[in-house]
Amino acid sequence: MAKMRVVLGLLCCYIQYATALEDGQRAAGRLGRRKLDPGQKPKEITDYYIYSSEEIEERLSRWSTHYTHLTRVTTSQEEYGLPRAGGANDCPFVEEDGCPNSILTIQDFVAHPEGSQSSKELPEVFLSGELHGNEQVGPTAVMQAAELLLEATSCIELPRVKIKDKSPDLWDIEVQKSKDCRDRMLEFGISEKQMWWLARLTTTRRIVVVPTANALGYFRKKRTEGSVDANRDFPFDYESNPKHPEFNNACMKTIAARTINEIFREHLFQLSFTFHGGMEVIGYEWGAPTYSHTSISPDDVVQNQVAAAYSRYGGGWKSTPPYKYGPMNPEVYPVRGGMEDWAYASSWDPDRVIPCKPSTYSGYPVQKTTYNNSTLRVLNMLVETSNDKIPTKNLGSSWDLLNGFSVAGNGHISRNIRLSLLAAELVQPWLSIRNVNELELTDDIVPLTSRANCQDYKRVLIPPKSRKVVIEWVVGGSLTINVTKLWYAKWSDVPDVTCESQPPVNIEEQMTEGTPISATSGKTSYASTSGAKTAHFSASMDVSDFKEHDMLVVMVSARVDQDWATQPGNVEPKKPPQSHMANARTNPDWHHESAGKVIQGRLDWFSIPLTIEVGSTQKTVETLELSARLPYEVPKPYYDAGDDDDIDSNTEENIQPQKNSQSPIRRISVFLICLIGLVAAGLALRCWVNDRMRRGHRSRLRNFIEDENAPSPGSLENPDDEFEDEVEGGGYADDPTPADGHGEPNGVEMGRYT
């Protein structure tokens, strides 16, 4: 009985300690965080292979119905009325003759509805899988990159806050779906931190993907579309032919070139990739014969730095080094009518541009190759993916896919998936507040969620009478952080701040600057080989003058990549940087609009605002996150983020302090209390046993007095002595009864001690 009580006591103690530890982890927002240890091999690994034309079309069709708020899938035939290249025997998996030229647009259409101002201001990236049909690494790479973005975003989206109160059953279903989805991606080696990164890219950019611009050539595994090279079909540096004037101005002969031309006319892309094969190099302008092998473009500084970042993040493996990079003329070879130079310079180098008058496919309107001053200023790079145009080995796998500094699963497809994602990363700077007073915020930027109600989008409660609040943040979307700062004010003092766009210029004049704790400048890992994807910073803000229930807005800013405005001395032509990419972050006077899209240059980039509410004396004892969603990240009652139409559900009155904390001191205290309770129980048990034994001794003493034949009761002072008086025969030393059973029973009678 005593041993059982001890075991039960220890078990009770362990349960209480484990519960306290678990609650502490939940309060810290770390329970359920999914990550892999460095070098850990995931449970599932995908070995990449080159997709067929039919597989590409099947995946695009599936995504269009599964990711309805994140994708728009169409073809250049449906969108622009272009004919199909090929005949009845080409691409037989579609109903009509010929091969369709499919177009995938990835955009968060909930956060940025079509036609909204935030949609117009989204930074844009273009990915072309191939122009030469027999160079086949690129299409699979861009499709795999797109799938990663969509899958991660759909995981991070759930559960949707707006349904929590309207449909509790559906909320519970979505919570479970979110857990299952994140666990599944972790099995493939994608950590929760990486999911958040991918979701951020999806919800803050517009990414247009054309897996097979030369769809006919890809299906046939031939370089050309019919008999025409699509990468000699663009109207830049096009040479006239006096002997055959019928061929003059005969660009845009291919559906591939027309498809890309139509897409660019509808957008203001800042970054672009066109994937090729036959060698291994990243090339940038100049690649036109008019410019010599020693000529460099006005944007050479940004081109060189971005290409170097691509090379580092793409990485290499045992038999293959990272990509070489440099201008196309010396590193590859010069071409006329190439897509790369056309996309980079046709809006600002008009002397190299001609209007196209092709006769193929019943002609093409000449005005389609007349461009405005904005459309074609793209940092457009060529990637020669592999020496073999259709490689059959070293394609790579999903193992350690997003770690560009690992060679575990690297290969031709793997590293070009990373290049595609890095283009989406670098197209625009971003900042994110991650910690408040060492409290790690559970949500970063939630996709497929309206950000109209900015004060409640990201919200934290701090104790009253706090003197200082420490803010930690990260900076991404850049290579060099020139300076980063913390800013804060009362919400009522900055009415123009929203969560849907960058704040007005000079917003800093209405706010107070924080006190730096860390360095205020640095570099991201894309500018080095350090391994971290973002630069981390911290500063403090003085809140001693604010009152209970004051609502504060907190933002962090960064000025980045300012050397992109500089040039070496031998640029040609003699002009300042001309790309949208360089000017958008170095020139506040840069403003371009075209086809309903807008690029506005600025020097300082800001995070989405964080709201800090000063709590009341009676109720707030620690820093709490009010806007967290997931119950396994922040336990009840913290994760109730309310509904978009009921923003008051997260007021301080609905928040109760956490009873169990993650503090090690509290855990030790709980353990000590259990230990003391166990010791007390043991002492009580001993006292009970001694009392029972004394009662038995007194009973034997009465029997001895009343019956002289009764055995001696032993010493009253020490009840345990009766055991020491026992002799080998089984009786007592003063017991005259023999041990053989004659006469009265020897020893202790049955029940004497019970």
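- When side chains are defined from C-beta on, V210 does not count as touching L127, because their heavy atoms never get closer than 4.5 Å.
- Residue-environment remark: CD (E96) stays at or below the threshold of 12 foreign heavy atoms within 6.0 Å.
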Run the salt bridge (Lys or Arg N to Asp or Glu O under 4.0 Å) test on D90 and R220 for me, step by step, so that the C-alpha distance in whole Å, both residues' side-chain angles and the decisive distance to 0.1 Å come before the verdict. CA-CA 8 Å; D90 297 305; R220 293 178 175 178; 2.8 Å; yes

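- Ion pairing between K368 and E262 holds under the 4.0 Å rule for side-chain N and carboxylate O.
- Checked against H276 for a side chain to side chain donor-acceptor pair (under 3.5 Å), the options E384, K389, E135 give a single hit: E135.
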List the steps and the verdict of side chain to side chain contact (heavy atoms under 4.5 Å, CB included) for N231 and N214. CA-CA 10 Å; N231 205 33; N214 180 4; over 6 Å; no

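- Between the side chain of K575 and the backbone N or O of W348, at least one donor-acceptor pair lies under 3.5 Å.
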Start with the C-alpha distance between T294 and N570, add both sets of side-chain angles, then the distance that settles side chain to side chain contact (heavy atoms under 4.5 Å, CB included), and finish with yes or no. CA-CA 8 Å; T294 59; N570 57 334; 5.7 Å; no

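- Using bins of under 30°, 30° to 60° and over 60° for the plane-to-plane angle, the ring pair Y51/Y49 lands in the perpendicular bin.
- Remark: the backbone N or O of T254 is paired with a side-chain donor or acceptor of D233 at under 3.5 angstrom.
- With salt bridges taken as basic N to acidic carboxylate O contacts below 4.0 Å, none links K324 and E280.
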List the steps, then state whether salt bridge (Lys or Arg N to Asp or Glu O under 4.0 Å) holds for R205 with E124. CA-CA 6 Å; R205 279 98 167 104; E124 298 187 299; over 6 Å; no

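- When atom types are taken as modelled, the side chain of T224 and the backbone of G226 share a donor-acceptor pair closer than 3.5 angstrom.
- Put simply, the side chain of T203 never gets that close to the backbone of P447: no donor and acceptor are under 3.5 Å apart.
- The backbone N or O of T71 sits nowhere less than 3.5 Å from a side-chain atom of T105 that would complete a donor-acceptor pair.
- For the pair R72 and F109, the distance from NZ or CZ to the six-membered ring centre is under 6.0 Å and the angle to the ring normal is within 45 degrees.
- The closest donor-acceptor contact from the side chain of N372 to the backbone of T375 lies under 3.5 Å.
- In this pair, F264 and W342 present their aromatic rings tilted. The plane angle is within the 30 to 60° band.
- Heavy atoms from other residues, nucleotides or ligands lying under 6.0 Å from NZ of K393 number 12 at most.
- A salt bridge between R223 and E130 is absent, with no side-chain N of the basic residue lying under 4.0 Å from a carboxylate O of the acidic one.
- S297 has its side chain within reach of Y344: a pair of non-hydrogen atoms, C-beta onward, lies under 4.5 Å apart.
- The minimum heavy-atom distance between F275 and G129, with the atom names listed, is CB-O, 3.3 Å.
- Of the possible donor and acceptor atoms, one in the side chain of T259 sits under 3.5 Å from a partner among the backbone N and O of I255.
- Checked against the 6.0 Å centroid threshold, W286 and H293 do not count as a close aromatic pair.
- Separating the CD atom in E57 from the SG atom in C91 is a distance of 7.5 Å, to the nearest 0.5 Å.
- When side chains are defined from C-beta on, I354 does not count as touching F236, because their heavy atoms never get closer than 4.5 Å.
- Note: R352 CZ to S346 OG = 11.0 Å, rounded to the nearest 0.5 Å.
- Below 30°, between 30° and 60°, or above 60°: for Y310 and F273 the angle between ring planes is between 30° and 60°, a tilted geometry.
- Counting only heavy atoms from C-beta outward, the side chains of M328 and D341 approach each other to under 4.5 Å.
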Would you sort out whether S154 and Y67 count as a side chain to side chain contact (heavy atoms under 4.5 Å, CB included), showing the intermediate values? CA-CA 8 Å; S154 66; Y67 302 110; 3.9 Å; yes

Could you go step by step and tell me if V560 and L479 meet the side chain to side chain contact (heavy atoms under 4.5 Å, CB included) rule? CA-CA 7 Å; V560 302; L479 300 177; over 6 Å; no

